[in-house]
Amino acid sequence: MLARRSDLPLKGDAAGRFLPWLVAMMVFLAAMAVAGAFVINGVVSRWDHDVSGTLTVQVLPIGGEGGEALTDERVRAAVEVMRQVPGVLAVRALDKKQLLALLEPWLGSTDVVRDLPLPRLIDVTVDPGARIDLDAVADRLSHAVPGASLDDHRVWLSRLINLSRTIQWLAILIVGLIAVVTSTTVVYATRTGMAVHREVIEVLHLIGAHDDYIARQFADRAFSLGLAGGLIGLALSVPVLSVVGWAAHRLEGGFLPSLSLPLLGFIGIGLLPAAAALVAMLTARATVHGTLARLP
Amino acid sequence: MRHQSPGENVIRLEAVGLRYGLGPEVLQDINFSLPAGSFHFLTGASGAGKSSLLRLMFLGLRPSRGRVILFDRDIAQTRRYELPALRRRIGVVFQDFRLLDHLSALDNVALPLRVRGVKESEVQRHVPELLAWVGLAEQLHARPPTLSGGQKQRVAIARAVIGRPDLLLADEPTGNVDDHIAMRLLHLFEELNKLGTTILVATHNEQLVARFAHHPRLHIEHGLVQRLS
Ligand SMILES: Nc1ncnc2c1ncn2[C@@H]1O[C@H](COP(=O)(O)OP(=O)(O)OP(=O)(O)O)[C@@H](O)[C@H]1O
Ligand SMILES: [Mg+2]
């Protein structure tokens, strides 16, 4: 396809100088958008997986003398209430040591922290298949144990999932806009090329060339320029994505699940240069056909 | 080759008028036909409309009014994708040659064959042969800008006849060559004519027309075409 003969001297055209770089930038941006969408999708689905099937009960601490013991009492009462709920598989109160371990990355491990009245947490594992009336459970809990509240993560999670959906749509929109910009540029580059080579095109037309014979030459050229640009863009995006991935890895110990691009993401990004070349080719072809249709 | 049987018309113009943009009618009420296998000269003063008439005939222009019937097809009724097939049956020598400057003489002459998808081995066999015949064996790989006017003209003629057209339209094909070569080129046209190609040669070279007086002559004046014999 790339070696096909061309009667039109398209090699020297200005398009050859600017089109690959434009496509390179577009493919780079598209790669960022695609990678972002995939990573966020991965993060959310892992959070979703980790979080569904668990509930957390929070018990407010009681300060002052003997507060510690009273708080323990409340925690035990809350554990008891949760054990009664049908569909609950396990209930586990985190003791103060575990709580401090959770907080250590943020607050450090000084004695000050040790003396703080910390809210206590109870991990509840539920059967994901069971339908539990969480509002009723929350009601019963707060009546039975003052200062206890139920957090089912649902609000938080659904907001997170909404956000990730929005970001995915945004990524699709960005990729779509990038395709539009690329193809608009190819339209103008092709029209310019046709104006420059009007004489040649007219001669080919008059000696009986089909429109497609002429269109193919522009399309072939656009394809190879698009592919070259796409590969440059891909080559630029790989190190950038690697650096971002590496930086995210260093963050991980904290609250982010691992930020890795799934295989599908790699395939998607890897296909971007071919997609760009295809967009360029089809656009050039359609442009030439449209313009030639005006010849007698 | 799809030569028409003698007697049929290769092309017929009926009440054809032509104006460029909003200008005056350059051609008005043109009625004539070229029988298959005929050889005509087209004469007329400079600016009379010879090139314009040829342009109508090779489908480089549409008439402002009237009908053009080419190879029994009314052009106005013919679909766009069918036109290339008709154009391929016509060889044109343009008055200004219209050679492609970035291609060698060989590639220029090869164009009509390549456009038709003729095999490259055939192209490499026929094109140098024809170029040698018109005296350009040494210039196969020369580009048009490095050729003399007469050499360019011969490349243009070679390109027009390489596809063995059914209809050859030549616009001042001898304008830039000396008498000897002019005679030779007209003899080439006569050879083609004997093989069945219908020929129309536009020229204002009266001497040449006189020397080939056995061919009928169409004369264009005041936008009208008349047959002289
Ligand atoms: N593209 C054009 N736009 C406007 N007017 C044109 C165009 N081409 C030709 N004309 C006009 O049409 C008339 C006929 O021109 P044409 O070229 O057909 O003459 P011709 O007989 O071939 O002349 P010559 O012998 O000098 O080649 C002229 O008056 C010319 O000015
Ligand atoms: Mg003329």
Side-chain angles (χ1 to χ4, degrees), chain A residues 1-17 19 189-225 281-282 284-296, chain B residues 18 54-64 68 70 75-76 78-94 96-104 107-118 120 123 143-144 155-156 159-163 165-167 169 171:
Chain A
M1 179 173 223
L2 298 174
R4 216 146 57 169
R5 71 167 298 110
S6 167
D7 308 316
L8 286 154
L10 301 178
K11 284 249 152 60
D13 283 6
R17 289 191 294 278
L19 201 55
T190 306
R191 289 217 185 120
T192 307
M194 289 187 79
V196 170
H197 303 297
R198 223 192 71 205
E199 285 280 306
V200 181
I201 291 171
E202 216 171 283
V203 169
L204 290 174
H205 178 70
L206 288 177
I207 63 177
H210 275 287
D211 291 354
D212 209 47
Y213 181 89
I214 297 164
R216 221 180 43 217
Q217 301 189 20
F218 280 94
D220 284 358
R221 179 76 178 145
F223 183 87
S224 47
L225 293 180
M281 182 181 90
L282 294 176
R285 192 181 200 131
T287 307
V288 176
H289 275 287
T291 310
L292 288 181
R294 276 179 244 140
L295 288 182
Chain B
L18 173 73
L54 292 189
R55 234 171 267 155
L56 286 175
M57 296 170 79
F58 63 70
L59 311 184
L61 271 182
R62 292 296 178 98
S64 315
V68 176
L70 181 64
I75 293 309
T78 306
R79 288 169 176 276
R80 198 185 145 71
Y81 68 85
E82 296 176 302
L83 294 177
L86 298 182
R87 289 197 173 97
R88 288 173 192 185
R89 297 174 66 182
I90 307 174
V92 185
V93 183
F94 299 97
D96 50 359
F97 317 135
R98 302 242 203 152
L99 299 176
L100 308 190
D101 285 348
H102 65 283
L103 295 181
S104 67
D107 284 332
N108 265 285
V109 176
L111 271 186
L113 301 182
R114 289 189 174 140
V115 156
R116 277 168 230 209
V118 170
E120 201 52 33
V123 172
R143 298 193 176 208
V155 175
R159 186 179 67 187
V161 304
I162 187 77
D166 292 336
L167 172 62
L169 303 172
D171 201 349

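Residue numbers begin at 1 in each chain, while the letters A, B, ... track the order of the sequences.
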Next item on the list: Report yes if the side chains of V115(B) and H210(A) come closer than 4.5 Å at any heavy-atom pair, otherwise no.
Entry: no

Margin query: I need the contact set between residues 289-296 of chain A and chain B: heavy-atom distance under 4.5 Å, sorted by residue number.
Written below: L292(A), A293(A), L295(A), P296(A)

Margin query: Suppose we screen for salt bridge (charged side-chain N to carboxylate O under 4.0 Å, His left out). Which residues come up paired with R98(B), at least two apart in sequence or across chains?
Written below: E202(A), D96(B)

Margin query: D7(A): which residues meet the salt bridge (charged side-chain N to carboxylate O under 4.0 Å, His left out) condition with it, sequence neighbours left out?
Written below: R5(A)

Margin query: Do D211(A) and Y81(B) make a side-chain contact, defined as non-hydrogen atoms from C-beta onward lying under 4.5 Å apart?
Written below: no

Notebook entry, point to check: Quick one: what part of R159(B) sits under 4.5 Å from any heavy atom of chain A, side chain, backbone, both or neither?
Noted result: side chain

Next item on the list: Flag yes if more than 12 heavy atoms outside E120(B) fall under 6.0 Å of its CD atom; otherwise flag no.
Entry: yes

Notebook entry, point to check: What part of D107(B) gets closer than 4.5 Å to chain A, counting heavy atoms only: side chain, backbone, both or neither?
Noted result: side chain

Notebook entry, point to check: Would you find more than 12 non-hydrogen atoms of other residues, nucleotides or ligands less than 6.0 Å from R80(B) atom CZ?
Noted result: yes

Note to self: I'd like to check the side-chain contact (heavy atoms from CB on, under 4.5 Å) partners of H102(B); sequence neighbours left out, ordered by chain and number.
What the structure shows: P9(A), V200(A), L100(B), R143(B)

Check: So, do I207(A) and R88(B) sit near enough that their side-chain heavy atoms are less than 4.5 Å apart?
Finding: no

Item checked: Which atom of A209(A) lies closest to which atom of P84(B), heavy atoms considered -> O-CG, 4.1 Å

Margin query: Just so I understand: if I count every heavy-atom pair under 4.5 Å between each of L204(A), V203(A), I214(A) and chain B, which residue has the most?
Written below: V203(A)

